[in-house]
Amino acid sequence: RLPDRDLVSLEEAAVKAILRMRLDRLKAELDAITFMLNDVQQSGDRAATLEYSLSINRHRRERYHLERVLSNLSKLSLA
């Protein structure tokens, strides 16, 4: 038996809410890491600069991926 449409809608809304919360968290983390990156760049710490830069790149990739997933879910909802 297929689930009721209301249950599917609720599950979809829950997944979207979780994705949005993760995106909000990623944005906050990116702001903090960018601030720290600027600080270590000014101090001349090359190793820390590299680590923060790599962390920023990982966060940006994850954010891009989650934004695409959320967009695709929204498109499916409209269909």
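When a residue number appears, it is its place in the shown sequence, counting from 1.
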[X]: salt bridge (charged side-chain N to carboxylate O under 4.0 Å, His left out) partners, not counting sequence neighbours:
X   : answer
E67 : none
K16 : E12
E29 : R22, R25

Could you measure the distance from the OG atom of S55 to the CG atom of L37? Nearest 0.5 Å is fine.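 The CG atom of L37 is 9.5 Å from OG of S55, to the nearest 0.5 Å.
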For the atom pair CD (E51) and CD1 (I33), what is the distance rounded to the nearest 0.5 Å?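 The CD atom of E51 sits 11.5 Å away from the CD1 atom of I33.
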Side chain to side chain contact (heavy atoms under 4.5 Å, CB included) partners for [X], two or more places apart:
X   : result
I18 : M21
A13 : none
L50 : L54

Could you note down all residue pairs passing side-chain hydrogen bond (donor to acceptor under 3.5 Å, both in side chains) where residues 30-44 supplies at least one of them, sequence neighbours left out?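 Passing the test, one end in residues 30-44: no pairs.
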Other ILVMFWY residues reachable from L10 by side-chain steps of under 4.5 Å: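 Listed partners: none, L10 stands alone.
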Apart from V69 itself, residues in the same hydrophobic cluster as defined by side-chain heavy atoms under 4.5 Å: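 V15, L19, L23, L26, L66, L70, L73, which link up through side-chain heavy atoms under 4.5 Å apart, make up the rest of the cluster.
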Tell me every residue that passes side-chain hydrogen bond (donor to acceptor under 3.5 Å, both in side chains) with R46, counting only those two or more places apart in sequence or in another chain.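 With sequence neighbours excluded, R46 shows a side-chain hydrogen bond (donor to acceptor under 3.5 Å, both in side chains) to no residue whatsoever.
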Intermediate values then yes/no, side-chain contact (heavy atoms from CB on, under 4.5 Å), H59 and E62: CA-CA 5 Å; H59 278 71; E62 183 177 354; 5.7 Å; no
Do R60 and R63 have side chains that approach each other closer than 4.5 Å (heavy atoms only, starting at C-beta)?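 Sidechains of R63 and R60: in contact.
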